[in-house]
Undergrad: 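Mind having a look at this structure? Questions to follow.
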Amino acid sequence: MSAETGGSRFSERDRLAMRRALELAERGLATTHPNPRVGCVLEKDGRTVGEGWHEWAGEPHAEIMALRAAGSEAHDATAYVTLEPCCHHGRTPPCVEALVAARVKRVVFAIHDPDPRVNGRGAERLRAAGIEVESGLMGREAAELNAGFIKRFTAGRPWVRVKLAMSLDGRTALANGASRWITGEAAREDVQRWRARSSAVLTGIGTILADDPRLDVRLPMARPRRPLRVVLDSGLRTPPGARLFEHPGEVWIFTASADRARRAALEARGARVERLEGEGQPLAASGRVAPDAAGRVDLVRVLGRLADEQMNEVHVEAGPTLSGALIRAGLADELLLYAAPMLLGPHARPLVELPRLDELEQAPRLEIVESAAVGPDLRIRLRPRRELAGTAQCPAP
């Protein structure tokens, strides 16, 4: 992510236009996977002549939509784009070519595109065509919109968001496992929106056996949103009759089991089952996930495989064991915590499983990045302090 430089280099009009482009980009939160969320505004003579956003993967990008809206008014206009315009042929033609053909005079973009096919090349092509190019305006906000897309290209894994729900004393269920419902209806609907914006929803076999969740998106949408549903199941204990299989959408199970009968039964229900093989086997060569020393699914390699499948954001809804493992391994980029105004007492189940700590300095340190009331409950977003120095930054080339 380019840092905004030059002090007053960007005018208040520039900032207003980019802010509007970010608002437009946000409309694609749940629809652009695996592409980034991008907005574009065209300004000319102090007025907006066109605007657009990337609405659906495979359909025109934000720049094209804005250029279509502007028509001939795009000539000599300034284009404000939340991400560096693309310069490669994918499912749609390069946006750089369209901007050059429209004869815009200036392009301001927030952050560089981390895709190596673009990173810096889009800006170079625009400059080569005689177009003035500036970057870094409201870059942090733009990076926040595409934290997963950036993480996938810069770190080789998706952005991992761990959803948790607890009582005020940090408990998730009674000692007998009863947990429906700790949070209210408004919080549960809010979780649906976070699922909808995710590329994949991930859980562990413990949650499957205890709660039999669907892990689908139940929101009214113009087009059904069906994130990949991922189950970590080392022993291949997922029941073929699980509710996961009763609803449309792909299910991917990672396992260490060689039980052919169980695998066949799950594949007959439409599951994609990937068996773990030798520890440390190169991922690129095998296309498989290796187990850790305990014979469990290697979380780092699972996330690598999901990145290979163009998963940008992974939404985790799991029990204390898997949630704790992700936190301990430093793989949880964000916690999405819902706190309900109730007390469950010391015998209820804990939020996450962590090793015993003898010193406070050993405790994982988090910082609140957002808090909001959701019905009677409180939603708190937290991130490890290592992320706060520059959220999902995309370095300039």
Undergrad: Testing the basics here: between W53 and A25, what is the closest heavy-atom pair and its distance to 0.1 Å?
TA: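 Reported closest heavy-atom pair: CB-N, 4.3 Å.
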
Undergrad: Look at the side-chain heavy atoms of Ile, Leu, Val, Met, Phe, Trp and Tyr, link any pair under 4.5 Å apart, and say whether M65 and V100 land in one connected group.
TA: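 Not linked; separate clusters.
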
Undergrad: Where do L42 and A74 come nearest, in terms of heavy atoms and distance?
TA: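 Heavy atoms only, the tightest pair is CD1-CB, 4.3 Å.
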
Undergrad: What verdict does the side chain to side chain contact (heavy atoms under 4.5 Å, CB included) test give for R379 and W194, after you've listed the backbone C-alpha separation in whole Å, the side-chain angles of each residue and the deciding distance to 0.1 Å?
TA: CA-CA 12 Å; R379 183 189 69 206; W194 287 96; 3.8 Å; yes

Undergrad: State, yes or no, whether a side-chain contact exists between T207 and L215 at a heavy-atom distance under 4.5 Å.
TA: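 Side-chain contact under 4.5 Å: no.
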
Undergrad: Can you tell me how far CD of E141 sits from CD of E26, rounded to the nearest 0.5 angstrom?
TA: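 Between E26 CD and E141 CD, I get 11.5 Å after rounding to 0.5 Å.
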
Undergrad: To the nearest 0.5 angstrom, please state how far the CG atom of D216 sits from the CZ atom of R226.
TA: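 Separation between the atoms: 9.5 Å.
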
Undergrad: Determine whether a donor-acceptor pair (N or O, by modelled atom type, separation under 3.5 Å) exists between the side chain of R125 and the backbone of V96.
TA: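 The answer is no, because no donor-acceptor pair under 3.5 Å joins these two groups.
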
Undergrad: Under the side chain to side chain contact (heavy atoms under 4.5 Å, CB included) criterion, do D14 and R106 qualify, and how do the steps go?
TA: CA-CA 11 Å; D14 290 335; R106 179 177 176 234; 3.1 Å; yes

Undergrad: Do R121 and E84 meet the salt-bridge criterion of a basic N to acidic O distance under 4.0 Å?
TA: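 No, this pair does not count.
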
Undergrad: Between L236 and S257, what is the shortest heavy-atom contact and its length?
TA: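 The pair with the smallest heavy-atom distance is CB-CB, 3.5 Å.
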
Undergrad: Verify the distance criterion only: is there a donor paired with an acceptor across the side chains of T183 and D377 at less than 3.5 Å?
TA: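 No pair is found: no donor N or O on one side chain lies under 3.5 Å from an acceptor on the other.
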
Undergrad: What I'd like to find out is whether the side chain of L83 reaches to under 4.5 Å of the side chain of L145, using heavy atoms alone.
TA: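 The answer is no, as the side chains (C-beta and beyond) never meet within the 4.5 Å cut-off.
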
Undergrad: Short question: side chain of D169, backbone of L343 - any donor-acceptor pair under 3.5 Å?
TA: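 Absent.
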
Undergrad: Is there a chain of hydrophobic side chains (I, L, V, M, F, W, Y, each step under 4.5 Å between heavy atoms) that links L306 to L326?
TA: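 L306 clusters together with L326.
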
Undergrad: Is it the case that the side chain of R229 and the backbone of R214 share a donor-acceptor pair, with hydrogens and angles ignored and the cut-off at 3.5 Å?
TA: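 Confirmed, R229 side chain pairs with R214 backbone.
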
Undergrad: Would you check if L344 and I182 make a side-chain contact, meaning some heavy-atom pair closer than 4.5 Å?
TA: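 With C-beta onward as the side chain, the pair touches.
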
Undergrad: If Ile, Leu, Val, Met, Phe, Trp and Tyr residues are connected whenever their side-chain heavy atoms lie under 4.5 Å apart, and connections chain through other members, are L174 and L351 in the same group?
TA: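 Unlinked, L174 and L351 end up in two clusters.
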
Undergrad: Would you say V314 and L228 are hydrophobically clustered, going by side-chain heavy atoms of ILVMFWY under 4.5 Å?
TA: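 They do share one cluster, since a chain of ILVMFWY contacts under 4.5 Å joins V314 to L228.
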
Undergrad: Hey, is the main chain of P213 close enough, under 3.5 Å, to the side chain of D211 for a donor-acceptor pair?
TA: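 Judged by distance alone, no pair lies under 3.5 Å.
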
Undergrad: Using 4.0 Å as the upper bound for N to carboxylate O, is an ion pair formed by E144 and R383?
TA: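 Yes, this pair counts.
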
Undergrad: With a 4.0 Å cut-off, would you call E43 and R20 a salt bridge?
TA: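 No salt bridge links E43 with R20.
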
Undergrad: Can you tell me how far apart CG (D115) and OG1 (T154) are? Round to the nearest 0.5 Å.
TA: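 So the CG of D115 and the OG1 of T154 are separated by 12.0 Å.
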
Undergrad: Given side chain to side chain contact (heavy atoms under 4.5 Å, CB included), test T32 with F149 step by step and report yes or no.
TA: CA-CA 11 Å; T32 64; F149 182 79; over 6 Å; no

Undergrad: Which heavy-atom pair separates L360 from R365 by the least distance, and what is that distance?
TA: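 Heavy atoms only, the tightest pair is O-NH2, 3.5 Å.
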
Undergrad: Ion pair present between R272 and E309, side-chain N to carboxylate O less than 4.0 angstrom?
TA: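 Yes, charged N to carboxylate O under 4.0 Å.
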
Undergrad: For the residue pair T203 / E317, report whether a side-chain donor-acceptor contact shorter than 3.5 Å exists.
TA: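 No, no side-chain donor-acceptor contact under 3.5 Å.
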
Undergrad: Give a yes or no on whether the backbone of R37 and the side-chain of N146 come within a donor-acceptor separation of less than 3.5 Å.
TA: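 A pair under 3.5 Å: yes.
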
Undergrad: Hey, could you give me the CE/OG1 distance between M166 and T172, rounded to the nearest 0.5 Å?
TA: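 It is 10.5 Å, given to the nearest 0.5 Å.
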
Undergrad: Closest heavy-atom contact between S234 and T255?
TA: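 Taking every non-hydrogen atom into account, O-OG1, 3.0 Å.
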
Undergrad: If only atom types and distance count, is the side chain of R193 paired as donor or acceptor with the main-chain N or O of L219 below 3.5 Å?
TA: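 No; judged by distance alone, with no hydrogens or angles, the pair does not exist.
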
Undergrad: Hey, does the side chain of E73 reach the backbone of A70 with a donor-acceptor pair shorter than 3.5 angstrom?
TA: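 Here the side-chain-to-backbone pair does not exist.
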
Undergrad: If you look at every heavy atom in P116 and F153, which pair is closest and at what distance?
TA: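 In this case the closest contact between P116 and F153 is CD-CD2, 3.7 Å.
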
Undergrad: Return the CG to SG distance between L99 and C40, rounded to the nearest 0.5 Å.
TA: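 Result: 6.5 Å between the selected atoms.
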
Undergrad: Counting N and O atoms only, with roles assigned by atom type, does the side chain of H54 sit under 3.5 Å from a partner on the main chain of P60, one being a donor and the other an acceptor?
TA: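 At least one qualifying donor-acceptor pair exists.
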
Undergrad: Is a side-chain donor or acceptor of R225 paired with a backbone partner of A196 at a separation under 3.5 angstrom?
TA: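 Here the side-chain-to-backbone pair exists.
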
Undergrad: Do the non-hydrogen side-chain atoms of R47 and V49 ever get within less than 4.5 Å of each other?
TA: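 Counting from C-beta outward, R47 and V49 do come under 4.5 Å.
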
Undergrad: Give the cluster check for V160 versus L382: same hydrophobic cluster or not, with ILVMFWY residues linked at side-chain heavy-atom distances below 4.5 Å.
TA: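 V160 and L382: one cluster.
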
Undergrad: Between Q192 and V217, is any pair of side-chain heavy atoms under 4.5 Å apart?
TA: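 Touching, per the 4.5 Å side-chain cut-off.
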
Undergrad: For the backbone of I205 and the side chain of D233, can you confirm whether one donor and one acceptor N or O come within less than 3.5 Å of each other?
TA: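 Judged by distance alone, no pair lies under 3.5 Å.
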
Undergrad: Measuring from L303:CG to D333:CG, what's the distance to the nearest 0.5 Å?
TA: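 So the CG of L303 and the CG of D333 are separated by 9.0 Å.
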
